[in-house]
Visitor: 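Handing you this structure, nothing more for now.
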Amino acid sequence: MERLREIADSCLDEELIRVIISNPRRAGLGGKIEIRPYEKKGMIFFQFSRYENNQVFHENRDRDEALAEICGRMRDDYKQIEIWHGGKE
């Protein structure tokens with residue numbers, strides 16, 4: 001889990017393209033979570049789009065909140081993560 005935290009920490013910046021968290025560990029968690037950066041008033045924030053059934057729920061997080069959310073979701077709820085950052089996947 002520490003390695004995931006290091007990778008996520010290094011990728012949460014303006015070069016992040018998107019993150020997809022998927023493959024829930026148990027039923028009832030919904031589908032995937034897509035994360036993308038956006039700029040507001042000169043600061044970088046991260047929009048979490050959580051897909052459940054035919055609905056999408058959006059939540060915005062600052063960098064620290066986003067890092068904690070990603071690590072928590074991977075530790076407790078999901079099995080798979082894909083990160084697109086700069087020219088790398």
Side-chain angles (χ1 to χ4, degrees):
M1 184 55 66
E2 188 58 36
R3 179 72 177 132
L4 172 63
R5 182 176 200 74
E6 290 172 10
I7 292 170
D9 188 37
S10 69
C11 291
L12 289 177
D13 59 24
E14 61 277 346
E15 289 187 42
L16 179 70
I17 299 167
R18 73 177 174 166
V19 175
I20 295 181
I21 299 173
S22 60
N23 200 358
R25 294 182 188 272
R26 59 189 178 281
L29 287 175
K32 68 180 180 177
I33 299 172
E34 186 171 345
I35 305 160
R36 67 174 189 82
Y38 71 96
E39 185 175 342
K40 181 178 177 182
K41 297 181 182 179
M43 296 179 62
I44 300 292
F45 290 90
F46 300 89
Q47 182 180 64
F48 283 65
S49 300
R50 187 171 35 93
Y51 294 81
E52 288 186 20
N53 301 322
N54 292 332
Q55 295 180 311
V56 180
F57 300 93
H58 300 285
E59 297 175 358
N60 298 322
R61 306 264 194 256
D62 66 22
R63 188 180 188 289
D64 293 337
E65 293 170 336
L67 181 59
E69 180 82 13
I70 289 168
C71 292
R73 291 288 186 157
M74 290 304 299
R75 181 186 63 237
D76 301 331
D77 301 329
Y78 290 86
K79 300 178 195 173
Q80 184 174 341
I81 186 169
E82 292 181 78
I83 301 173
W84 288 267
H85 182 267
K88 298 179 182 178
E89 180 176 339

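Note that these values count all heavy atoms, side chains included, but never hydrogens, waters or copies made by symmetry.
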Visitor: Checking E82 now: which residues fulfil side-chain hydrogen bond (donor to acceptor under 3.5 Å, both in side chains) with it, not counting sequence neighbours?
Guide: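 Here no residue qualifies.
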
Visitor: Between E65 and R63, does at least one N-O distance fall below 4.0 Å, as a salt bridge requires?
Guide: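 Result for this pair is no, no salt bridge flagged.
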
Visitor: Work out which heavy atom in C11 is nearest to a heavy atom in H85; give both atom names and the distance.
Guide: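 C11 and H85 have their closest heavy atoms at O-CD2, 3.2 Å.
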
Visitor: So F57 and E59, do their side chains get closer than 4.5 Å, heavy atoms only?
Guide: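 No; the side chains remain at least 4.5 Å from each other.
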
Visitor: To the nearest 0.5 Å, what is the distance between CD on E15 and CD1 on I44?
Guide: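 E15 CD to I44 CD1: 10.5 Å, rounded to 0.5 Å.
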
Visitor: What about L16 and I20, same hydrophobic cluster or not, with Ile/Leu/Val/Met/Phe/Trp/Tyr joined at side-chain heavy-atom distances under 4.5 Å?
Guide: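 Looking at the clustering, I20 is in a separate group from L16.
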
Visitor: Could you tell me the separation between the CZ atom of R18 and the CD atom of E89, rounded to the nearest 0.5 Å?
Guide: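 With rounding to 0.5 Å, CZ (R18) is 8.5 Å from CD (E89).
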
Visitor: Would you mind reporting whether Y78 and I70 have side-chain heavy atoms less than 4.5 Å apart?
Guide: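 The answer is no, as the side chains (C-beta and beyond) never meet within the 4.5 Å cut-off.
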
Visitor: Could you check if a side-chain atom of V19 sits within less than 4.5 angstrom of a side-chain atom of I81, using non-hydrogen atoms only?
Guide: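 A side-chain contact under 4.5 Å exists here.
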
Visitor: The criterion is salt bridge (Lys or Arg N to Asp or Glu O under 4.0 Å); which residues satisfy it with R36, sequence neighbours excluded?
Guide: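 None.
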
Visitor: For C71 and R5, work out which heavy atoms get closest and say how close.
Guide: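 Closest approach of C71 to R5: SG-NH1, 3.4 Å.
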
Visitor: Any salt bridge between R73 and D77, counting N to O under 4.0 Å?
Guide: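 Judged by the 4.0 Å cut-off on N to carboxylate O distance, R73 and D77 do form a salt bridge.
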
Visitor: Can you name the closest pair of heavy atoms from K79 and P24 and give their distance?
Guide: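 Result for this residue pair: CE-O, 4.1 Å.
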
Visitor: Cluster question for you: counting only ILVMFWY and a side-chain heavy-atom cut-off of under 4.5 Å, with indirect links fine, are I33 and I7 together?
Guide: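 Yes, I33 connects to I7 through the hydrophobic network.
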
Visitor: Under the side chain to side chain contact (heavy atoms under 4.5 Å, CB included) rule, what do R61 and F45 come out as? Steps first, then yes or no, please.
Guide: CA-CA 6 Å; R61 306 264 194 256; F45 290 90; over 6 Å; no

Visitor: In terms of heavy-atom contacts, does CZ of R3 have more than 12 from other residues, nucleotides or ligands at under 6.0 Å?
Guide: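 No - once you tally the heavy atoms of other residues, nucleotides and ligands closer than 6.0 Å, there are 12 at most.
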
Visitor: Report the distance from atom CD1 of I35 to atom CH2 of W84, rounding to the nearest 0.5 Å.
Guide: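 These two atoms lie 11.0 Å from each other.
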
Visitor: I'd like to know whether CG of D76 has more than 12 heavy-atom contacts from other residues, nucleotides or ligands below 6.0 angstrom.
Guide: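 Yes, because the 6.0 Å sphere around CG of D76 holds more than 12 heavy atoms from other groups.
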
Visitor: Just so I know, are the side chains of F46 and N60 near enough to count as touching, which here means a heavy-atom distance under 4.5 Å?
Guide: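 Not in contact.
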
Visitor: Distance check, rounded to the nearest 0.5 Å: K40 atom NZ versus Q47 atom CD?
Guide: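 Separation between the atoms: 11.5 Å.
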
Visitor: Which atoms form the tightest heavy-atom contact between P37 and I17, and what is the distance?
Guide: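 Taking P37 first and I17 second, the nearest heavy atoms are CD-O, 3.7 Å.
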
Visitor: As an exercise, state the distance from NE2 of H58 to CD of E34, rounded to the nearest 0.5 Å.
Guide: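 H58 NE2 to E34 CD: 9.5 Å, rounded to 0.5 Å.
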
Visitor: For residues Y51 and I83: do they belong to one hydrophobic cluster (side chain heavy atoms under 4.5 Å, members Ile, Leu, Val, Met, Phe, Trp, Tyr)?
Guide: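 Different hydrophobic clusters.
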
